[in-house]
Structure formats: structure tokens, C-alpha cells
Amino acid sequence: MRCPFCGNEDTQVKDSRPTEDRSAIRRRRFCPGCGARFTTFERVQLRELTVLKRSGRRVPFERDKLQRSIDIALRKRPVEAERVERMVNGLVRRLESMGDSEVKTDTIGQLVMDALSSLDQVAYVRYASVYRNFREAQDFENFLSTLQGSDSQTDDFSD
């Protein structure tokens, strides 16, 4: 593993342990070249995924990009990082196990929306506003009215 600080290719692993959800191995590393310490994560990758964009372009799937978009939706929301990590791991596992190495952006977006709807309603609306390309306040109002309509149906059954 190359040192991110000095580029030295001879780094040493000082400690390895599984993450809390056991989806990755966390490794603490030391660079003898510059003395820096850093952490890496090692994950199982079932298959190489390619994302099929709406424009027809194909790009490699990036877990970090998925994580960033979810983090943006969840910014300043009271959701534990561990729950978010489990959600992202679950999404990636679902994408990898779908059987196809090529995944449409619409499929990814819908999976994220489904996961966020049960995790945090504000983040769900934030993500939906970008995913569904809201252009004006009326788009939010329409979306929220359908969201409230589905909540009131759920509330009727909880009595």
C-alpha cells in the first residue's frame, strides 16, 4: 500500500481488525519513510459494476460517490454513522448480487430512495429533490403531499 503522504510503497500494517458490521477489515498502517500513520479499509467486491447513465455513457461504479451523495442528503441529521455505513454496505451488496454487471442510474437512485425513506424522512426528501430534479417549490409540495398521504394511510392501520 502506497503512503498517501510521501508515496513510499513500503508501508507496514500495525493493526488489523474487522469493522463493527464486519463488512470490511480496518488496517492501521505505518510508513517507515516519513513516519506517518494512516488507516485503510479492505472490502470484498463480488463483481465489477458499471453504471449506465441516462445519457448512455458507461462509467465504473464508485462506492465513495454513493457514500458522498447519501452523506450530503444526511448532512446535519441525527443519524449515526454506523447506520449509514450499514445502509451503504447493504446497497452495494444488493447492486452486486443483482446478477448484472451493468446497473442503470435509475436503479441505484430508487434503491437509495427506498433506503433513505426508512432511515430519515428529511434526507429522503433532500435526495428526492436532486434525484427527481425538482425545479420549483410546487415540486416539493407535490412530493410532500404524496409522502403525507402514504403516512396517513399507515397511521390508520396503527390504531
Problem set entry | side-chain contact (heavy atoms from CB on, under 4.5 Å) partners of Met113, counting only residues at least two apart | Gln110, Tyr124, Tyr127, Ala128, Tyr131, Arg132, Phe143

Exercise. Would Thr40 and Arg29 count as a side-chain hydrogen bond (donor to acceptor under 3.5 Å, both in side chains) if you check the C-alpha gap in whole Å, the side-chain angles of each, and the deciding distance to 0.1 Å?
Worked result: CA-CA 7 Å; Thr40 59; Arg29 295 180 176 270; 3.1 Å; yes

For this session: Kindly state each residue pair satisfying ring-ring contact (aromatic ring centres under 6.0 Å, His included) with at least one member in residues 71-97, sequence neighbours excluded.
Result: none

Problem set entry | Student check: side-chain heavy atoms of Thr105 and Val51 closer than 4.5 Å | yes

Problem set entry | salt bridge (Lys or Arg N to Asp or Glu O under 4.0 Å) partners of Arg26, counting only residues at least two apart | none

For this session: Identify the heavy atoms of Leu49 and Asp100 that sit nearest to each other, and give their distance.
Result: CD2-O, 3.9 Å

For this session: Could you pull out all residues at least two apart from Arg27 that satisfy salt bridge (Lys or Arg N to Asp or Glu O under 4.0 Å)?
Result: Glu42

Seminar exercise, completed: The side chain to side chain donor-acceptor pair (under 3.5 Å) partners of Glu80 (sequence neighbours excluded) come to none

Exercise. Does anything in residues 52-66 pair up under salt bridge (Lys or Arg N to Asp or Glu O under 4.0 Å), and if so which pairs, sequence neighbours excluded?
Worked result: Arg54-Asp106, Arg58-Glu102, Arg63-Glu85

Exercise. Can you name the closest pair of heavy atoms from Ile25 and Ser16 and give their distance?
Worked result: CG2-CB, 4.3 Å

Exercise. Between Val59 and Ile108, is there a shared hydrophobic cluster once you connect ILVMFWY residues whose side-chain heavy atoms come closer than 4.5 Å?
Worked result: yes

For this session: Specify the closest pair of heavy atoms between Cys6 and Cys3, including all atoms of both residues, with the distance to one decimal.
Result: N-SG, 3.4 Å

For this session: For residues Leu111 and Leu91, report the shortest heavy-atom separation together with the two atoms involved.
Result: O-CD2, 3.6 Å

Exercise. By salt bridge (Lys or Arg N to Asp or Glu O under 4.0 Å), which residues pair with Asp15, not counting sequence neighbours?
Worked result: Arg17

Problem set entry | Side-chain hydrophobic cluster, 4.5 Å single linkage: members besides Met1 | Phe5, Phe38

For this session: Any pair with a residue in residues 68-78 that passes salt bridge (Lys or Arg N to Asp or Glu O under 4.0 Å), sequence neighbours left out, goes on the list, sorted by first then second residue, please.
Result: Arg77-Asp120

Exercise. About how many Å separate CE of Met98 and CZ of Arg94, when rounded to the nearest 0.5 Å?
Worked result: 6.5 Å

For this session: Apply the test side chain to side chain contact (heavy atoms under 4.5 Å, CB included) to residues Val79 and Leu119: give CA-CA distance (whole Å), side-chain angles for both, the deciding distance (0.1 Å), then the verdict.
Result: CA-CA 8 Å; Val79 179; Leu119 186 68; 4.0 Å; yes

Exercise. Who pairs with Thr107 by side chain to side chain donor-acceptor pair (under 3.5 Å), at least two apart in sequence or on another chain?
Worked result: none

Problem set entry | side chain to side chain donor-acceptor pair (under 3.5 Å) involving Arg126 - partner list, sequence neighbours excluded | none

For this session: Can you sort out the partners of Gln12 under side-chain contact (heavy atoms from CB on, under 4.5 Å), two or more places apart, ordered by chain and number?
Result: Lys14, Phe30, Pro32

Seminar exercise, completed: One should read off an interatomic distance between Cys31 SG and Arg2 CZ, to the nearest 0.5 angstrom, of 11.0 Å

